[in-house]
Participant: 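Below is the structure I would like to discuss, written out as structure tokens.
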Amino acid sequence: MKIEINTFRKAAVSLAAAVAATFTLSAQSEDFNTGKYLEIQSMVLRTLQAQYVDSVQLDDLLHKGIDAMLATLDPYTVFIPEENEEDLDIMTTASYGGVGALIQKTQQGYIIIVEPYDGSAAIKAGLHPGDTVVAIEGVSTKDLTADQCSERMRGRPGTVLNMTVVRGRGGDTAQVALTRERIHIPDVVYYGFLNDSTGYIQVGGFTVDGSRDVRRALEALKSDGRMQRLVLDLRGNGGGLMNEAVNIVSLFVPQGTLVVSAKGKHPAADFQYKTQTAPVDTLMPLMVMVNSASASSSEIVAGALQDMDRATIAGVRTYGKGLVQTIRPAGYSTSLKLTTAKYYTPSGRCVQAIDYSHRNEDGSVGYVPDSLKKAFKTRSGRTVYDGGGITPDIEVEPKYYSRPVISLIYSNVISDYAIKYYNTHDSIAPAGEFLLTDEEYADFVQFAAQKEFDARTESQIEMERVLEAAEREGLDSTLDGLKEEMDGLLERISLTKEDFLEANKSTVKSLLEDEIALKFYLRAGGAESALRQDSQLQQALDQWDGTIPVQQSDPETEEQVG
């Protein structure tokens, strides 16, 4: 069949015109709908302001509406009002102008210094754990909330802050004038040796120049000459700046190596990050520790090193956040932090959880059916999967803490006693060696027994619920002796605070030692002390032979990506 060229051209032009018209109409339709609903929203707000029976705070109403709208998208797309701009700065840089200390409200209503940061303005001004701040710029802290006190302590770096302080040691009252500084919380919490040949670096975040601190720690460990393998601990690291994660990976792989890529709706959101600097060591055996709180940039580091077969990943599956956020101005000094892309490890995996509905209590990715997982290959041919988070090569569960132990921590009972100990002792043994005596622990038991914390075990709570259900259903009165039997069982499994603290002496004592070491030696000391009782880390080390586990699979049944 012959087709005239002119006829073909006319048909092609007609088709192109039709497609263009379709796209134009689609764009016009989207613009029309956007304009329509903005007009509807404006009309609703005007009507509420003019006719609603009570007074309406339109700014509060609008903020709630925006928050509710964004909540339907993902957990990370949020509106940042003008008053939260400083919090945004702290979130993205871990820096702020202020004192540089954690504070806590006391039972007497004042503010107590719980933990000053190393090298901070608080340290330079001579503030210590247990010092009570009774006034800030002449205003009593008794009638202020902890947040209000924190806000008053913050300010432009270089400005002077005047506080009235009652010393924890001695009880003297002092007028303290300190100069606010740009406070930066270092990413490297602690580094040192776990044994004669195993180095260790704990990284708490990914903030500006954090990779520089990791490099310095790595070079310091290598300079000792005895390190034969290294542990990079990212447990509890919620992420931060992506370029800092890439720079940390660059310490262990050749320059020019692809670490992470991103794909979004708009081409401007697509990118690839490759290492830009020469590595420090590409051969030393490396293990990366992760847990369910290791998220975002932590997952980039763990996933990239796993895909390259450069490190063994140990612990439990990571959080499962593979989304890229971008800060955009929203007008009138407000901002919108929105998800613009998903990031992918070198093998092509996206660590983002498949959905947001099946999450654990801590927010980490929950159960992912095998049918929803997709297989990928590492550089040496091992099989890894997507579907949510990074699955470790060596899976080791963390230490279990009972409900009352957690209550001790969150009720500040352990922290309060550590401050008491700090105020009554001039010094302690080095953080890695400090131990409480039995007499000192007995003193803590008496201290804690007078404090408010929930000492009920999970079994006790469940038994109480069974008793309540039996009473509602009338079983306690219709079945002979049931109530007496159940009451007796409840009494047998119920412990006094003193009994609980004695039964859990080993666990509570080690947590208390860690907190006391934190008060004397700050964050690094607390981390060093905690390593002694880190059963998850020790089990991972026992299973790690310094090599990458090799798994050969059938190439016909697995997908090669990247």
Side-chain angles (χ1 to χ4, degrees), residues 23 26-42 44-45 57-97 151 154 156 182 184-185 205-211 237-247 259-274 295-300 319-344 350-353 355-356 363:
F23 279 117
S26 175
Q28 289 176 346
S29 178
E30 289 182 3
D31 289 342
F32 173 77
N33 284 332
T34 300
K36 180 179 73 173
Y37 287 114
L38 285 174
E39 187 175 340
I40 291 172
Q41 181 189 50
S42 177
V44 169
L45 291 174
Q57 298 292 330
L58 286 185
D59 56 346
D60 182 58
L61 198 64
L62 187 60
H63 285 181
K64 288 180 179 178
I66 293 174
D67 290 342
M69 174 179 66
L70 298 180
T72 65
L73 302 177
D74 66 67
Y76 315 110
T77 296
V78 294
F79 176 69
I80 304 171
E82 180 180 5
E83 59 269 22
N84 289 2
E85 282 293 302
E86 186 175 4
D87 293 337
L88 175 63
D89 186 41
I90 296 173
M91 177 179 64
T92 55
T93 67
S95 299
Y96 62 95
E151 184 177 343
R154 293 178 186 174
R156 185 165 50 84
R182 190 72 173 171
H184 176 75
I185 305 170
F206 295 88
T207 60
V208 175
D209 293 331
S211 59
N237 186 323
L241 300 177
M242 185 177 297
N243 64 300
E244 295 297 333
V246 174
N247 290 340
V259 175
V260 62
S261 59
K263 298 176 183 178
K265 180 179 180 181
H266 194 281
D270 296 351
F271 62 80
Q272 285 189 338
Y273 273 122
K274 295 183 179 180
S296 191
S297 296
S298 290
E299 294 172 294
I300 289 176
Y319 188 89
K321 181 182 183 294
L323 302 176
V324 180
Q325 275 75 53
T326 305
I327 308 297
R328 299 294 187 213
Y332 298 95
S333 299
T334 67
S335 301
L336 179 65
K337 180 166 75 75
L338 74 159
T339 298
T340 54
K342 293 181 179 180
Y343 65 71
Y344 299 82
C350 179
V351 299
Q352 174 60 39
D355 61 59
Y356 306 108

Participant: Could you work out, with side-chain contact (heavy atoms from CB on, under 4.5 Å) as the rule, every residue matching D60, not counting sequence neighbours?
Facilitator: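 Q57, K64.
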Participant: Could I get the full list of side chain to side chain donor-acceptor pair (under 3.5 Å) partners for T72, not counting sequence neighbours?
Facilitator: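 Result, side chain to side chain donor-acceptor pair (under 3.5 Å) vs T72: none returned.
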Participant: Once you round to the nearest 0.5 Å, how far does OH of Y319 lie from CD of E299?
Facilitator: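 Atom-to-atom, Y319:OH and E299:CD are 9.5 Å apart.
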Participant: Do you know the tightest heavy-atom contact between S296 and G239?
Facilitator: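 That would be CB-CA, 4.2 Å.
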Participant: Do you know which two heavy atoms are closest between E244 and G210, and how far apart they sit?
Facilitator: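 Between these two residues, the closest heavy atoms are OE1-N, 3.4 Å.
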Participant: Return the minimal non-hydrogen interatomic distance between S335 and I327, and the atom names on each side.
Facilitator: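 The answer is CB-CG2, 4.0 Å.
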Participant: Rounded to the nearest 0.5 Å, what separation is found between the CG atom of D270 and the NZ atom of K342?
Facilitator: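 With rounding to 0.5 Å, CG (D270) is 13.0 Å from NZ (K342).
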Participant: How close do L70 and L336 get, counting heavy atoms only, and between which atoms?
Facilitator: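 So the minimum-distance heavy-atom pair works out to CD1-CD1, 3.7 Å.
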Participant: According to side-chain contact (heavy atoms from CB on, under 4.5 Å), who are the partners of L62, at least two apart in sequence or on a separate chain?
Facilitator: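 Expected list: Q41, L45, I66.
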Participant: Report the residues that fulfil side-chain contact (heavy atoms from CB on, under 4.5 Å) with K36, sequence neighbours left out, ordered by chain and then residue number.
Facilitator: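 Residues passing side-chain contact (heavy atoms from CB on, under 4.5 Å) with K36: F32, N33, I40.
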Participant: What distance do T326 atom OG1 and K337 atom NZ have between them, rounded to the nearest 0.5 Å?
Facilitator: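 It is 10.0 Å, given to the nearest 0.5 Å.
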Participant: Just verifying a value: how many Å separate Y343 OH and K321 NZ, rounded to the nearest 0.5 Å?
Facilitator: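 These two atoms lie 6.5 Å from each other.
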Participant: Find the distance between NZ (K265) and OG1 (T339) and round it off to the nearest 0.5 Å.
Facilitator: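 Separation between the atoms: 13.0 Å.
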Participant: Provide the closest heavy-atom pair for V324 versus A262 in the form atom of the first, atom of the second, distance.
Facilitator: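 Taking V324 first and A262 second, the nearest heavy atoms are CG2-CB, 4.2 Å.
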Participant: For A269, give me all partners under side-chain contact (heavy atoms from CB on, under 4.5 Å), at least two apart in sequence or on another chain.
Facilitator: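 Only T340, A341 meet the side-chain contact (heavy atoms from CB on, under 4.5 Å) criterion with A269.
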Participant: OG1 of T334 to CD1 of I80: how many Å apart, nearest 0.5 Å?
Facilitator: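 It comes to 9.0 Å.
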Participant: Please give me the minimum heavy-atom distance between I185 and T207, naming the atom from each residue.
Facilitator: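 In terms of heavy atoms, the two residues are closest at O-OG1, 4.2 Å.
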Participant: For S261, enumerate each residue passing the side chain to side chain donor-acceptor pair (under 3.5 Å) test, keeping only those at least two apart in sequence or located in another chain.
Facilitator: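 Once residues adjacent in sequence are excluded, S261 has no partner under the side chain to side chain donor-acceptor pair (under 3.5 Å) criterion.
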